[in-house]
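Here is the structure we will look at.
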Amino acid sequence: MEERYKPEEIEPRWQARWEADQLYKAEIDHQRQKYYFLTMLPYTSGDMHIGHWFAMTPSDARARYLRMRGYNVMFPIGFDAFGLPAENAAIERDIHPKQWTYKNIANQRRQLRSMGAMWDWSREAISADPSYYRWTQWFFLQFLKNDLAYKKLSPVDWCPHCNTTLAREQVIGENRVCERCKTPVIKKDLDQWFFRITRYADELLDFSLLDWPETVKTLQTNWIGRSEGASVRFETEAGDPIEVFTTRPDTLWGATFMVLAPEHSLVEKLTTDEQREQVEAYIHQAARQSDIEREAVDKEKTGVFTGGFAINPVNDERIPVWIADYVLMTYGTGAIMAVPAHDQRDFEFARKYDLEVRPVILPKGYDSLDGDEMSEAIPAHGEMINSGPLSGTPGDEAFERTIDFLKSKAVGEFSVNYRLHDWLISRQRYWGAPIPVVYCPECGIVPVPEDQLPVELPDDVEWRPTGESPLKFHPTWKTTTCPDCGGPAERETDTMDTFMCSSWYHLRYLSPGYDKGPFDQREYDYWMPVDTYTGGVEHATMHLIYTRFFHKACRDLGITEGHEPMLQLRNQGHILGPDGQRMSKSRGNVIDPDEQVAMYGADTVRAYLMFGNRWTEGGAWNPENIQGVVRWLNRVWTLVYELKDMPAAETEAGIEREVVRKIHQTIRHVSNDLEQFEFNTVISALMELTNELYAARDGGKFGPAELRSGLESLLLLMAPEVPHIAEELWQELGKPYSIHKQPWPEFDPELAKEDEITLVIQVNGKVRDRITVPAEISEQAARQAALASEAAQRFMEGKEPSEVIVVPGRLVNIVV
RNA sequence: GGGGAAGUGCUGGAAUUGGCAGACAGGCGUGACUUAGGAUCACGUGCCCUCGGGCGUGAGGGUUCAAGUCCCUCCUUCCCCACCA
């Protein structure tokens, strides 16, 4: 047996053995407590970089630890394979998206295998496989059947030259031009599919069942953006209702004008002939500008008077109606009542266009307010003034009393508004799951019957850019017959948002080959919900909201059980390039895991990723610091091989006790830190134990038998983090295969206990002395020992202590 | 503008959650050993000092016997969202 540590020799060997033995296959076992450990699946737009390893290998270590603790752990993996980046990359390289994607999958699979993780490959799922997206389509049909999916007109960014929809990232620069042909992009209304996620907005705000990071909960809460207020019906002079949402109904009497979004449907009708030219010019410009460079924080408010007027329902006052781009069609109703005295945006607008500012709230500290004199809006709450019958209402009753007033006059009521919109799932793209619907001139929208799923994506399409959606362009694909009447019909040519595929992949892992449903109920009953989910925080508001919605919607359809799909969530940070910048090919700072594994071995890379940065923080990849891990593993390796040649020796009782103590302290340390996702201190604790074993050996008083037992404990604690070397050395010590089937070492608090401690002696909070005392020292004895300290006495300068604080086992502070 | 996270040696980072600041590593320095290896091993390494000690966790203030940790004000960096009515 070669004695040098050669990871390139041992790692592939053990990986092959583990796989041949199906060591990590997760099967239902009702005798054991299950643990579903999920890590976000990779997207297949290229090769993996070290950031994937940073996300996955610590998760693997924790999953392995739980397995050794006796849990029946499922740790599955798959590929998120549909979507626009794949399609674009394919176009760039002039290769079919499918071919390109599956080529990437093959390489990613190889890369993932080289990690030595405990993936259960028998549960692999790929979202672009027909056997997978058949069920993505099936979920769509369930939503459609139960009124959770609907169609409506919605604007998209459109390139008039390429004649195609553009995704947000394909619209570039301040002038918003098409990334391909540089033509200015326009908005175009298309009939698209939506999911009613807003129906679940309130439930999604409830995180009581979740052990999730506060940051993610806050991000989701803000994203959903619930605000309470009133919905109030204004009317145009012609009698058309203009519905308005306001969080400040108490300021209704101060509404001196209204503002509509330029896209609002009533603009056309309200606009008078004199104003028409100006209004149309503004609308045209706003359509181009509405999304431009929003970073321009203090952008000056602009707008145009329509010439039309509306009636304020609380006082029947006639107020002018303007349009302005600071009112968004996508929030609320696309129309606001403007109260310049109490809203800063309205105030700026009013001053600019010389509109009336009328104070109707008198906050504490003000005797009176004069609209002409004000220099900014006063948003504070307070007593209502100039408010007709409600004048004099105190601030804390203003909201409710106004609502009551609105109800009594039947012009408004309490209302809740959300920032969250319904989920637009239509994509005018090729590389996605086709939406399983046909359009029949006789029967309208007809769902494809479930027994005809999947609606397969054709391979023989022109996927190079032609100005048409590839599915529309296909000569025959969209031509079909109506499932209802049998007449000629056309297929929907849009595909589904790829977030739809990833909203339920954790369910497909349960039974990836199952063909009677999206998952096998037996597997669901045993494994679900996901116990731990790990991945990047960048998914906080998209994927992680969608998957929660998906689960809740499916629960209401009787498909899933429980209220949440993933109980515990932990996010890792990002690994940056050695230059501290985000890794990118153009910067040339990408760290390729293949190269690192070839250079150092997978175990070293794994351990370094855990050791080098805090997992939740990430940081720059430092090519020097990895040497510490290289040396550590070499030292462990050397120590195991040195054992063979060690002369027999008696171990001194004290030494053995010390090592055993260190082992048990390390068990506690490593166990706690793995539970807490604090991987850097896991590795440092293992290094400390290694150093302790070396020190004991070097003392010459540590016999081979004791060293062997110390090493066995060390290897067991190393098994989750560095699985290959642990397995190899475990075998070298003559222990039975596999170390990964061994139970986690038991922690014994008695054995971890220190006999002696260093008692810190402070005078007035400053450390003056340290003495070694028995660990069990009484408070009284500690106090006496401290007062007896010469150093302490010197600093007490003969004064009497006014107070002596004893922290048992730690320190004594003498206050004089 | 709103929200979130974080500021500790030359670097990555520890600190039992209010109790010895700098564990464990990297780097650097000095030395040992050399058939030179991706070496290895030993010792040292926050700053200042009159060698008693003094000062030190972004800045300033506060609470406390005791603050990296708690409170207030401010500064800096990174991330997310952005006219939210």
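Labels below follow one simple rule: chain letters A, B, ... track the order of the sequence lines, proteins then strands, and each chain is numbered from 1.
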query = Rounded to whole angstrom units, what separation is found between the CD atom of E779(A) and the C1' atom of C65(B)?
reply = 14 Å
query = Between U57(B) and A21(B), how far is it from one C1' atom to the other, in whole Å?
reply = 7 Å
request  = Using a 4.0 Å heavy-atom cut-off across all strands, classify N613(A) as base, sugar-phosphate, or nothing.
outcome  = sugar-phosphate
query = For G27(B), does OP1 or OP2 lie under 4.0 Å from any side-chain N or O of R631(A)?
reply = yes
R635(A) and N691(A) side chains, donor-acceptor separation under 3.5 Å = yes
task = Give one of base, sugar-phosphate or nothing for V339(A), where a contact means two heavy atoms less than 4.0 Å apart.
result = nothing
Spacing between F257(A) atom CZ and A85(B) atom C1', to the nearest angstrom = 12 Å
query = Counting any heavy atom closer than 4.0 Å, what does Y608(A) reach on the DNA or RNA strands: base, sugar-phosphate only, or nothing?
reply = nothing
task = Please examine the side chains of V807(A) and V760(A), heavy atoms only from C-beta on, and report whether any two atoms are closer than 4.5 Å.
result = no
task = State plainly whether the residues E413(A) and R233(A) are in salt-bridge range, i.e. N to O under 4.0 Å.
result = yes
message = Pair L205(A), R226(A) - check side-chain contact (heavy atoms from CB on, under 4.5 Å), show working.
response = CA-CA 9 Å; L205(A) 286 169; R226(A) 182 182 204 274; 3.6 Å; yes
inquiry  = Determine whether a donor-acceptor pair (one donor, one acceptor, N or O, separation below 3.5 Å) exists between the side chain of R419(A) and the base of C84(B).
reply    = no
note = Atom CG of N680(A) and atom P of G26(B) are separated, to the nearest Å, by 15 Å
query = Taking atom types as modelled, is there a side-chain donor on T302(A) or Y326(A) under 3.5 Å from an acceptor on the other?
reply = no
inquiry  = Taking donor-acceptor contacts at under 3.5 Å, does the side chain of N417(A) reach the base of C84(B)?
reply    = no
note = Rounded to whole Å, the OH-P distance (Y326(A) to A82(B)) equals 20 Å
request  = Have a look at E214(A) and say if it touches a base, only the backbone sugar-phosphate, or nothing, with a 4.0 Å heavy-atom cut-off.
outcome  = nothing
request  = Describe the nucleic acid contact of G618(A) in one word from base, sugar-phosphate, nothing, applying a heavy-atom distance below 4.0 Å.
outcome  = sugar-phosphate
query = With a 4.0 Å cut-off on heavy atoms, is N691(A) in touch with a base, just the backbone sugar-phosphate, or nothing at all?
reply = sugar-phosphate
request  = May I ask you to check whether H574(A) and E538(A) show a side-chain donor-acceptor distance below 3.5 Å?
outcome  = yes
query = Is R582(A) touching bases, backbone alone, or none of the nucleic acid, heavy atoms closer than 4.0 Å?
reply = nothing
key: Nearest-nucleotide pick for T758(A), side chain only, options being C20(B), G19(B), G54(B)   = C20(B)
Euclidean distance for P, C10(B) against C79(B) (whole angstrom) = 26 Å
inquiry  = So, does N222(A) get its side chain near the phosphate of G4(B), meaning an N or O under 4.0 Å from OP1 or OP2?
reply    = no
task = Could you work out which one of G13(B), C20(B), A23(B) sits closest to the side chain of R770(A)?
result = C20(B)
ask   = For U40(B), which nucleotide is its Watson-Crick or G-U wobble mate, given both distances must be under 3.5 Å?
value = A32(B)
request  = Could you work out the separation of C55(B) and G68(B) based on their P atoms and round it to a whole Å?
outcome  = 13 Å
ask   = According to the Watson-Crick and G-U wobble definitions, with both distances under 3.5 Å, which nucleotide is paired to G1(B)?
value = C81(B)
inquiry  = Under a 3.5 Å cutoff, is there a donor and acceptor pairing between the side chains of Q665(A) and E754(A)?
reply    = yes
message = What's the gap between U76(B) and G58(B) when it is taken at their C1' atoms, as a whole Å value?
response = 7 Å
query = Between Q762(A) and G628(A), which has a closest nucleotide on RNA chain B that is more 5'?
reply = Q762(A)
ask   = Using the C1' atom in both, what is the distance from G13(B) to G27(B), to the nearest Å?
value = 14 Å
key: Side chain of R345(A) - closest among C24(B), C84(B), G53(B)   = C84(B)
request  = Would you kindly give the CD-to-C1' distance between Q572(A) and A6(B), to the nearest whole Å?
outcome  = 17 Å
key: Between U8(B) (P) and E617(A) (CD): distance, integer Å   = 12 Å
query = Which label fits G52(B), syn or anti, where anti is any glycosidic angle not within 90° of 0?
reply = syn
message = Please give the distance between the C1' atoms of A85(B) and A6(B) as a whole number of Å.
response = 34 Å
remark   = Ranking R635(A) and F795(A) by the position along RNA chain B of their nearest nucleotide, the one closer to 5' is R635(A)
inquiry  = Of the options A25(B), C84(B), A14(B), whose atoms approach the side-chain atoms of Y331(A) most closely?
reply    = C84(B)
key: Closest to the T215(A) side chain, choosing from G13(B), A85(B), G4(B)   = G4(B)
ask   = Quick one: which of C41(B), C80(B), G27(B) gets closest to the side chain of L219(A)?
value = C80(B)
message = Of the listed nucleotides (C81(B), C65(B), G27(B)), which one gets closest to any side-chain atom of W223(A)?
response = C81(B)
Between G9(B) and C24(B) - C1' atom distance, rounded Å = 15 Å
task = Both distances under 3.5 Å, Watson-Crick or G-U wobble: report the partner of G53(B), or none.
result = C48(B)
key: Rounded interatomic separation in angstrom, taking CG from D343(A) and C1' from C84(B)   = 10 Å
remark   = Of A15(B), C20(B), G3(B), the nucleotide closest to the side chain of V760(A) is C20(B)
request  = Give a yes or no on whether a donor-acceptor pair under 3.5 Å exists between the nucleobase atoms of U16(B), that is its base, and the side chain of R810(A).
outcome  = yes
Length of the CZ-P vector between R226(A) and A85(B), whole Å = 13 Å
inquiry  = Please confirm whether the shortest side-chain N or O distance from R768(A) to OP1 or OP2 of G54(B) is below 4.0 Å.
reply    = yes
key: Side-chain donor-acceptor pair present, D422(A), T198(A), cut-off under 3.5 Å   = yes
request  = Tell me the partner of G26(B), counting only Watson-Crick (N1-N3 plus N6-O4 or O6-N4) or G-U wobble (N1-O2 and O6-N3) with both under 3.5 Å; none if nothing fits.
outcome  = C10(B)
ask   = With syn defined as a glycosidic torsion within 90 degrees of 0 and anti otherwise, which applies to G9(B)?
value = syn
N625(A) side chain, from C-beta outward: closest of C24(B), G26(B), G19(B) = G26(B)
request  = May I ask you to decide whether E678(A) forms a salt bridge with R614(A), counting only side-chain N to carboxylate O separations under 4.0 Å?
outcome  = no
query = Rounding to the closest angstrom, what is the interatomic distance between A82(B) and G7(B) at atom P?
reply = 28 Å
query = Do S231(A) and E243(A) have side-chain N/O donor and acceptor atoms under 3.5 Å apart?
reply = yes
request  = Report the nucleotide, chosen from C55(B), C65(B), C83(B), that has the shortest atom-to-atom distance to any side-chain atom of I805(A).
outcome  = C65(B)
request  = For U17(B), measure the glycosidic angle (O4'-C1'-N9-C4 for a purine, O4'-C1'-N1-C2 for a pyrimidine) and name it syn if it falls within 90° of 0, otherwise anti.
outcome  = syn
